Structures are given as C-alpha cells and as structure tokens.
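Notes for the one structure printed next.
We name chains A, B, ... by the order of the sequence lines, and we start the count at 1 in each one. None of the values given here were measured: they were computed from a predicted structure.
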There are 2 protein chains.
Amino acid sequence: MVNIRDVARYCGVSAMTVSRALNNSNQISQATKEKILKACEELGYRPNFAARSLVTKKTNMVGLIIPDITNQYYSHVSKGVSSYLSLQGYGLLLCNSDRRKDDEIRYLNFLAEGRVDGIIILPVQPRKEDYEGIAKEIPLVMADNYAEGLDVSFVGNDNYHGASEIISHMIKQGFKRIGVILGHSSSSASNERFKAYKDVLKKNNIELDNEIVLNSNATFEDGFNLTKVLIEKGVDSIFAINDTVALGVVKYCYLNNIRIPEDIGVAGYDNIEQSSMLPVPLTTVDQNGNQLGKVAAETLLNLLADESTVPKKIILKPKLVIRKSLGENI
Amino acid sequence: MVNIRDVARYCGVSAMTVSRALNNSNQISQATKEKILKACEELGYRPNFAARSLVTKKTNMVGLIIPDITNQYYSHVSKGVSSYLSLQGYGLLLCNSDRRKDDEIRYLNFLAEGRVDGIIILPVQPRKEDYEGIAKEIPLVMADNYAEGLDVSFVGNDNYHGASEIISHMIKQGFKRIGVILGHSSSSASNERFKAYKDVLKKNNIELDNEIVLNSNATFEDGFNLTKVLIEKGVDSIFAINDTVALGVVKYCYLNNIRIPEDIGVAGYDNIEQSSMLPVPLTTVDQNGNQLGKVAAETLLNLLADESTVPKKIILKPKLVIRKSLGENI
DNA sequence: CTGAAAGCGCTAACAT
DNA sequence: ATGTTAGCGCTTTCAG
C-alpha cells in the first residue's frame, strides 16, 4: 500500500506538501501541486480514510437508520438522502432496522463509534429515552416519525392535514362507517392521522366506533388479513395507514369479489408508484419521500457546519390525490 | 471524548489491558475484564472506529453500489445484503449510482480509500476496464450484471433460462409477433434475455424482426412511451425487460383502452410485489432479489476471510410465474 | 495475565 | 511556499 510518504519521497518534497496538494490548499505553488497530483496517479496513491479521519475527526459520512428499505416510500426517502449527500461529498451508511427496536438501538451505537459525522433516523415506535443520550454525542436529525419531548431537529409530514383531507373527502363521497387500519400505537404518524380521523368524524356528527379502528404493523399482510375483520364489522370503507396496507386491502377485495368502490371504498396514504395502476386506481395522499430525505440531509449538514444551530421542526405538506377507489369525484 | 487511556487510568491498568477486555481476548482475567467493561459503561466510552481501523486495516464495512435503490428488485437485493452483513457484524455503505457510469466510478474510488473491506457492485453497462484496476486493490464481487472477461466472483440470475421460459410460454399461448423492450445494449441481463428470445423464436420457426426489438433505459416511462411505438408496428404482445417497464406498458394500454390480454399480451420480469395486483395480474419471472443479495454478501465475506479463494460464478435459477396477462393458462 | 514501546497514515500548528 | 514536530486513539509486538 502506497502512503503519503512514498509520494513525498518520489517527488522530493515533504509529506506535508503532498497533503496540501491533495487538500486544495492555496499555500502551495501550482507547479508542485501538479507534479504531486501526477505522481499520485502514477503511483496509484489513495489517501487513507482512517488516518485522515483519525486526525480531522471528520468522516464525511452520514448514517441513515430506516425501518424498511424495500418499502417504496422509505426507498425514496433514502434516495433523497443519498443524492443530496453525494452532491455535498458525503457518503451514506445505511442501516435497515427492519422495524425492530433492538436493531435500531444496535445501529445507533454502531454509528456512534465515530463511523459517521451525523445520523438521520426514521424511528420505529420512538421513545424519548432511546435517543436523548445519543443525541448529546453526535448530531442527530429525526425524520418522518417523532419522539415527543426530544430536543432535536425533526423533518416530517403534516399527517394531521393529509389525513383530514382524505377523511373529509371520504365523507363527502358518502361513506359513513369508515374502518381504519392504523400502524403501531406508538407511531406519531399513525397517531396524528387517527386524531384527524376522530376530529373530522366529530365535525361531521359521526360517532366514533373503536371496534372498527385496528392497529397493525403496517404491512401488506396485515392489510390483507384485517380487511376480513373490518368487513365482518360492516364498514362501508377502509382508510389504510399507507398504500402498502391498502394494497393488501385491495388484494383481499379482489380475491373475494368485493367491488371497489361499489361495495367498499378504499383510501391509502403515500401515493406509491403502483397505486395509480390498480384495477381501480387508489385515492391516496402524496408525501414526497425524496423531498423529505433531501430536507433531512440538508438539515443535518447545516447542523454539522454549525453545531450551535437550534433544533427546528420542518413540516412538509402532503397533498390529496383523488382517483377512483372512493368513487368518482363530484 | 473519552478514550482508552482514560478508561485505563480510571481502572488503574494499562491501555493494553482495556483493549484486551474490549476485544474478548482470553489473555485477561475474568475479574479485570468485568471491572473494565463496567468502567466503560460508566464513562460512556466507545472505541474509536478510525483509530482501530487504522491499525487493524479492517473496517467491518462493505460497500454496495446499486443502480437505483427505489427499484423494488434492487431494494430487495439491498435488504438481502444488509441483513446478511448485519448478522455477521458488518455495516453497509450504500452507493446509489443512479444508473450513471460516472457516479459508479466515483463511488468505486470513494470506497477504495479504505472506507470498506470489500465491494459488491451491480454495475450499469459494465466494461471490463472499469473494474480490473479496482479489483486488484480491494475484494470485489460483481452481481446481477456481468462484465465479460473479468476475473472476479459473480453472483447472477440465469437470464437465459428465465427468458426462454417466458417466451416459450408466450408462443404456447398463441402470440406470434412479440415486441421486446430491452434494457441498455451493454447490459448482460438484457443481452442474455434477448438471446433467449432469438433462440426460442428460431426454434419455433418465427422470423426475427428487429423493428420490434427496442432498447431502453428500463424505466417506467420508457415502457409507457415505447408501447406506442410497438403497437404501431403491429405487435400482438410485448415482453418487457422488467416489471417496472411492464407497468409502463400496462399503463399505456389502460389509458388507451387496449385490453390485456385480448388485444395485447404483456410479459414482465422480476415479479415485483404489485405485479400480482394489476387489473390483469402480470405473468412474469421471479428472481429472488433478497437471495441474490445474501449470496453476494456471503461470497464477499468468504473472500475477505480467505483472499486466496478463486473467483467463482454462482447462477441462481429464476422461476416462471404464470398469471393472466398472457391469457388463461392452458 | 499485564505492561511498555512503537507505529498505523495522516494533518494541525508552528517554524522557516 | 515548504518543512518539522507532534500526536490523533488504537493495537501489535515483545518483555516480563
């Protein structure tokens, strides 16, 4: 392995001069700089990452902890993060928590060993205690799902707004007994959407029936399985916590010859690519995952540039996408 | 920041003893080990990654270069890699090349700075020259898409087999003028599938018409746009290089009231989750992305454990998934 | 079982 | 504009 001293010797200069050439210092003449850069090429020299970051205390890496990379929404968030980081010369250390708390914590500690300059986390079932320790050690930005009472920057979506819009639309379309498949009870996204559901129902004088409000792990399988339960309880429509769950609902209906929207209305959330291509295209709420990822990365990099920045909350507005799964638009 | 010497001082031992305690050495008494581990907890000590890897020349990191993380197949490959690595105590440095050659090369050099112990790459338009240099510097496993003539391990899918199966099925279903939307002309996957297409046509005495064989960037948009072209050329069916492209085909048909499979047959490749939930479920070929990712990661880690291992090619067999987009099964 | 010395490859700070 | 010195935090090697 060729190191900086080999290059220095080869060029008849000191290691320091080579270092300056490589770091675009202006304390070096153009001539020597060019000579050195050429020598680096010839010798196949590459600066050693570990040595460099040991002294600079910088890694130019960001850690991203995400619940499930195969979920389309999260994959877009990841891409948004990745693209922005790449543009700024940063690398991405991806941690797929697989929606498991213990893996999430394991990754948090793994990252905190100085592997990255900062962390973006989309937490599962967030609890304040899990992050306040880490957040003191390393710059942290929370995204998508919020841990109440934690003093860190957060980038999220306006879940209350998005859910209000779609539930209002459902009622306008004539649905009265709206079943809900929520996520986990500790998910802030799920809770905020549920709150909107309750508020909109009340505003429309529809009584809340907790029998038709179900929690789930927000998977396709749960969507499929819980649809049976809800239909047995006589719902006329289902609001799913995301499109993947809605796809499960649709599949159940499809296999059981239940027509959408004639027999049952279906609403999703996320506007994943395929939701527009179902037998009956899905009415849903569009959250721009790519944008969320980009803004989260931007927020973290700003924090890295100036650690005294005060934590801020950025809430992105999602938008209602009306298709046919709740009937024709009036 | 608390370092190993702080812990040593606190415990009244040498730094070396602390190091031994942390690395599960057996050259240390149980008592001191426990005392030290407890002290680490109390002081909030974390071993420094850069310092450690500077001396051990190990990062316990693997780099993954992938064309597009938002593509469902690639996201499953990523998850397969991630899960296996995590199990083995490795971290994942994810590089989304965005199907751009220049970004891919940039990432390759970025990773080769000693950021990772090895690299898994799913190359775009692979050319031997791009990888042979890097492969000498750092263990490399190629996956999904192969660069001919390169002496590195490869994990891929049997594209010839998969495409043969589905084209044969198309012909059996009565289609005679089968349009094709390929990927890029330098993609080995695309080339192998095209070869199967030609061979199966010949075997069935159907003349090849290059007019209805189109290259593309393998995107949803390309699928949508090229369908118009193919239909104008009078195809009775379309074989798309992947399900995402097929979804584009389906969308075009859907918007133009072209019935599947009555007016046109559609075949995909990849078996993405949503392909079973289209208006007419898609007949496709299932490649287990998760498995491919796992095997690629396994291959790389074996190589890291013993660098003298000879490169090997592992080819996974995909399987035909018959649904309704090519008509009812006979 | 424990410790002392040396050094991994680089850059910050201070010379010149 | 260039060089010297020192040291980042850890582990390897060798000694005891």
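- In this structure, the CZ atom of A:Arg9 is 16 Å from the C1' atom of D:dG3, given to the nearest Å.
- The residue A:Leu54 sits close to a base: some heavy atom pair falls under 4.0 Å.
- In the model, A:Ser75 has no side-chain atom that pairs as donor or acceptor with a side-chain atom of A:Ser78 under 3.5 Å.
- No side-chain donor from either of A:Arg106 and A:Ser97 sits under 3.5 Å from a side-chain acceptor of the other.
- Defined by atom type and a distance below 3.5 Å, a donor-acceptor pair is missing between the side-chain atoms of B:Asn217 and B:Thr219.
- Put simply, the side chain of A:Glu104 never gets that close to the backbone of A:Ile65: no donor and acceptor are under 3.5 Å apart.
- Between B:Ile66 and B:Leu94, some side-chain heavy-atom pair lies under the 4.5 Å cut-off.
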Identify every side-chain donor-acceptor pair in residues 9-20 of chain B under 3.5 Å, counting partners at least two apart or on other chains, and give the distances.
{"from": "B:Arg9", "atom 1": "NH1", "to": "B:Asp6", "atom 2": "OD1", "distance (Å)": "3.4"}
{"from": "B:Tyr10", "atom 1": "OH", "to": "B:Glu42", "atom 2": "OE1", "distance (Å)": "2.6"}
{"from": "B:Ser14", "atom 1": "OG", "to": "B:Met16", "atom 2": "N", "distance (Å)": "3.3"}
{"from": "B:Ser14", "atom 1": "OG", "to": "B:Thr17", "atom 2": "N", "distance (Å)": "3.3"}
{"from": "B:Ser14", "atom 1": "OG", "to": "B:Thr17", "atom 2": "OG1", "distance (Å)": "3.3"}
{"from": "B:Ser19", "atom 1": "OG", "to": "B:Asn23", "atom 2": "ND2", "distance (Å)": "3.4"}

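- Checked by atom type and distance alone, the side chain of A:Lys312 never pairs as donor or acceptor with a backbone atom of A:Phe154 at under 3.5 Å.
- Residues B:Thr32 and B:Ser29 bring a donor and an acceptor atom of their side chains to less than 3.5 Å of each other.
- A donor and an acceptor atom, one from each side chain of B:Asn96 and A:Ser82, are nowhere located under 3.5 Å apart.
- Side-chain atoms of A:Lys313 come within 3.5 Å of backbone N or O of A:Val152 as a donor-acceptor pair.
- Going from atom CZ of B:Arg99 over to atom CD of B:Gln125 covers 10.5 Å, rounded to the nearest 0.5 Å.
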inquiry  = Applying side chain to side chain contact (heavy atoms under 4.5 Å, CB included) to A:Tyr84 and A:Val295, what does each step give before you reach the verdict?
reply    = CA-CA 9 Å; A:Tyr84 187 78; A:Val295 173; over 6 Å; no
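- Residues from residues 11-22 of chain A lying near DNA chain C, meaning a heavy-atom separation below 4.0 Å, are A:Met16, A:Ser19 in numerical order.
- End-to-end axis angle for the helix from C:dC1-D:dG16 to C:dT16-D:dA1, using five pairs per end and rounding to 10°, comes out at 30°.
- Nucleotide D:dT2 holds its C1' atom 14 Å from the CG atom of A:Asn26, rounded to whole Å.
- Comparing B:Gln30 and A:Val55, the nucleotide of DNA chain C nearest to each residue sits closer to the 5' end for B:Gln30.
- Within residues 31-53 of chain B, the residues that have a heavy atom under 4.0 Å from DNA chain C are, in order of number, B:Thr32.
- Across all strands shown, A:Asp6 has no heavy atoms under 4.0 Å from either base or sugar-phosphate atoms.
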Which donor-acceptor pairs under 3.5 Å do side chains of residues 108-120 of chain A form with protein atoms, sequence neighbours excluded?
{"from": "A:Asn109", "atom 1": "OD1", "to": "B:Arg46", "atom 2": "NH1", "distance (Å)": "3.0"}
{"from": "A:Asn109", "atom 1": "OD1", "to": "B:Arg46", "atom 2": "NH2", "distance (Å)": "3.3"}
{"from": "A:Asn109", "atom 1": "ND2", "to": "A:Ile105", "atom 2": "O", "distance (Å)": "3.1"}
{"from": "A:Glu113", "atom 1": "OE1", "to": "A:Arg115", "atom 2": "NH1", "distance (Å)": "2.5"}
{"from": "A:Arg115", "atom 1": "NH2", "to": "B:Thr59", "atom 2": "O", "distance (Å)": "3.1"}
{"from": "A:Asp117", "atom 1": "OD1", "to": "A:Thr59", "atom 2": "N", "distance (Å)": "2.8"}
{"from": "A:Asp117", "atom 1": "OD1", "to": "A:Thr59", "atom 2": "OG1", "distance (Å)": "2.9"}
{"from": "A:Asp117", "atom 1": "OD2", "to": "A:Lys58", "atom 2": "NZ", "distance (Å)": "3.4"}
{"from": "A:Asp117", "atom 1": "OD2", "to": "A:Thr59", "atom 2": "N", "distance (Å)": "3.2"}
{"from": "A:Asp117", "atom 1": "OD2", "to": "A:Asn60", "atom 2": "N", "distance (Å)": "2.8"}

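- Bounding nucleotides for the chain B contact on DNA chain C, 5' to 3', at a heavy-atom distance below 4.0 Å, are C:dC1 to C:dG9.
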